[in-house]
2 protein chains.
Amino acid sequence: MQNASDFTIDFMKALKRRSQCPISSSLEIWGDKWSLLIIRDLMFNKKLTYGDLLKTEEKISTNILANRLVMLENHGLIQKLVHPESKAKVLYQLTPKGVDLIPVIVEINLWAEKYFTLTEEKKSLIKEIKMDKEKFILDSMNSLLQP
Amino acid sequence: MQNASDFTIDFMKALKRRSQCPISSSLEIWGDKWSLLIIRDLMFNKKLTYGDLLKTEEKISTNILANRLVMLENHGLIQKLVHPESKAKVLYQLTPKGVDLIPVIVEINLWAEKYFTLTEEKKSLIKEIKMDKEKFILDSMNSLLQP
DNA sequence: AAAATCACTTGCATTTTGCAAGTAAATTAA
DNA sequence: TTAATTTACTTGCAAAATGCAAGTGATTTT
């Protein structure tokens with residue numbers, strides 16, 4: 001289905017921008033139902049395997065996950081790492097470009113807290129954000145950027 | 001194609017959440033390539049007609065625009081207004097729920113400015129945001145919330 | 001009255017999504 | 001050592017969404 005040259009076509013298509021608008025350009029990379037969920041998971045867990053990402057509550061499909069990981073990797077938001085214990089496993093982590101999406105993730109959380117009913121766990125996370133948003137963002141980014 | 005009962009099914013489907021996660025719940029409403037572009041346009045222009053929204057640089061298709069407008073309206077992010085001059089025209093504007101997405105839009109702009117080449121116009125907008133982000137957000141929201 | 005504009009709707013081809021089975025390489029269990 | 005399991009995808013297929021362009025009924029303009 002999706003072989004190397006098909007993928008290249010998709011990737012090249014994504015490089016051709018609908019407009020010069022920053023919002024539009026961004027949505028072309030991660031404006032779908034799944035990509036920010038992957039960013040979310042890597043933000044909270046630092047390094048995850050393909051299998052870890054498959055097991056989330058939202059139950060992403062294998063082909064969608066594979067496709068999104070390749071897109072995010074090719075756009076420089078995530079990178080693959082060698083797994084310390086197993087050649088069969090791949091680890092993914094955010095790049096600095098991906099880490100820079102944390103303020104977006106934080107603002108989405110704040111918006112959602114206002115309009116959705118959330119679990120106590122999510123509520124306490126958001127309470128923590130609200131105590132000092134900028135500090136939360138900075139700490140999260142620093143934590144993710146060190147090895 | 002999309003009649004009232006088909007639409008109800010779609011809308012009810014969107015109410016059933018993949019998970020309790022705030023990010024996931026949000027993406028289920030506006031996590032696509034087009035919805036935040038509509039929010040963007042209403043943020044900068046306050047009230048727009050269907051035809052105005054069709055004429056943007058990104059060239060959204062008529063069926064996609066119609067579908068997104070209905071979804072955003074049904075989820076309470078935008079509302080329709082009677083046009084002061086014409087029964088043929090409909091005006092759309094952001095509700096407070098939609099206005100509350102401005103911090104998200106702002107953070108996306110800041111992210112994009114770091115990773116894309118932007119026009120001078122967009123650069124100066126972002127320069128203005130950076131001068132005092134919270135003030136920019138507050139002023140934008142207040143401006144949109146008054147009649 | 002005819003033509004143009006408006007907000008959609010529709011037909012159709014293409015693309016994407018989602019389900020579930022498949023595959024080759026690596027690892028673990030027997 | 002062999003067999004079974006795990007891993008990261010890949011694939012086949014049906015359903016759903018997207019995008020192009022024409023269509024439609026109501027309203028407005030010529």
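Since the structure is predicted, the reported quantities are computational estimates derived from the model, not experimental observations. Below, read A as the first sequence line, B as the second, and so on, with proteins coming before strands; counting in each chain starts at 1.
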A.B. asks: Is atom NZ of A:Lys130 surrounded by more than 12 heavy atoms (other residues, nucleotides or ligands) closer than 6.0 Å?
C.D. replies: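 Not buried by this count: 12 neighbours or fewer within 6.0 Å.
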A.B. asks: I want to check one thing: is the phosphate of D:dC20, taken as OP1 and OP2, less than 4.0 Å away from some side-chain N or O of B:Ser61?
C.D. replies: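 So the side chain of B:Ser61 is within the cut-off, an N or O lying under 4.0 Å from OP1 or OP2 of D:dC20.
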A.B. asks: Of the candidate nucleotides D:dC20, D:dC9, D:dT18, which contains the atom at the shortest distance from the side chain of B:Arg68?
C.D. replies: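 From the listed options, D:dT18 comes nearest.
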A.B. asks: Answer yes or no: side-chain N or O of B:Thr62 and base N or O of C:dT9 forming a donor-acceptor pair under 3.5 Å.
C.D. replies: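 In this structure, the two groups form a donor-acceptor pair.
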A.B. asks: Students often get this wrong, so: under 4.0 angstrom with heavy atoms, is A:Lys80 touching a base, only sugar-phosphate, or nothing?
C.D. replies: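 A:Lys80: backbone/sugar contact only, no base atoms under 4.0 Å.
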A.B. asks: Would you mind reading off the distance between A:Lys33 atom NZ and D:dA16 atom C1', rounded to a whole angstrom?
C.D. replies: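 After rounding, the gap between these two atoms is 12 Å.
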A.B. asks: Expressed as a whole number of angstroms, how long is the span from A:Asn63:CG to C:dT23:P?
C.D. replies: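 The distance from CG of A:Asn63 to P of C:dT23 comes to 17 Å, rounded to the nearest Å.
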A.B. asks: Should we say atom NZ of A:Lys47 is surrounded by more than 12 heavy atoms from elsewhere, each under 6.0 Å from it?
C.D. replies: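 Result for NZ/A:Lys47: open.
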A.B. asks: Separation of A:Lys59 atom NZ from C:dT17 atom P, in whole Å?
C.D. replies: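 Value for this atom pair: 20 Å.
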A.B. asks: Run the salt-bridge test on A:Glu28 and A:Arg18 with the 4.0 Å N-O cut-off and return the result as yes or no.
C.D. replies: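 Yes, A:Glu28 and A:Arg18 are salt-bridged.
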A.B. asks: Should B:Lys87 be listed as having a side-chain N or O under 4.0 Å from OP1 or OP2 of D:dT27?
C.D. replies: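 No.
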A.B. asks: Would you mind reading off the distance between B:His83 atom NE2 and D:dA26 atom C1', rounded to a whole angstrom?
C.D. replies: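 Whole-Å distance recorded here is 16 Å.
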A.B. asks: OP1 or OP2 of D:dT27 sitting under 4.0 Å from any side-chain N/O of B:Ser86?
C.D. replies: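 No.
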A.B. asks: Who are the side-chain contact (heavy atoms from CB on, under 4.5 Å) partners of B:Lys122, not counting sequence neighbours?
C.D. replies: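 B:Lys122: side-chain contact (heavy atoms from CB on, under 4.5 Å) contacts with A:Cys21, A:Pro22, B:Leu118, B:Thr119.
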A.B. asks: Heavy atoms from C-beta onward define the side chain here; which of D:dG19, D:dT27, C:dG18 lies closest to that of A:Ile64?
C.D. replies: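 Between D:dG19, D:dT27, C:dG18, the one nearest the side chain of A:Ile64 would be C:dG18.
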A.B. asks: Find the distance A:Leu65:CG to C:dG18:P and express it as a whole number of Å.
C.D. replies: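 For the pair A:Leu65 CG and C:dG18 P, the rounded distance is 12 Å.
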A.B. asks: Whether B:Trp34 contacts D:dT18 is assessed here as follows: a side-chain N or O lying under 4.0 Å from the phosphate OP1 or OP2. Is that the case?
C.D. replies: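 Checking D:dT18 against B:Trp34, no side-chain N or O comes under 4.0 Å of OP1 or OP2.
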A.B. asks: Quickly work out the B:Tyr50 OH to C:dC8 P distance and round it to whole Å.
C.D. replies: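 In whole Å, C:dC8 P and B:Tyr50 OH are 7 Å from each other.
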A.B. asks: Does A:Ile60 or B:Lys55 map to a spot on DNA chain C nearer the 5' end, using the closest nucleotide for each?
C.D. replies: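 Final value for this comparison: B:Lys55.
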A.B. asks: Whole-Å distance between D:dT29 P and B:Glu85 CD?
C.D. replies: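 Taking atom P of D:dT29 as the reference, CD of B:Glu85 is at 9 Å.
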A.B. asks: Which heavy atom of A:Ser26 sits nearest to which heavy atom of B:Phe116, and what is that distance?
C.D. replies: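 Nearest heavy atoms, A:Ser26 then B:Phe116: OG-CE1, 3.8 Å.
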A.B. asks: In this structure, how many angstroms lie between the P atom of D:dT6 and the CG atom of A:Leu54, rounded?
C.D. replies: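 It works out to 14 Å between those atoms.
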A.B. asks: Of the listed nucleotides (D:dC9, C:dA7, D:dT18), which one gets closest to any side-chain atom of B:Thr49?
C.D. replies: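 Selected nucleotide: C:dA7.
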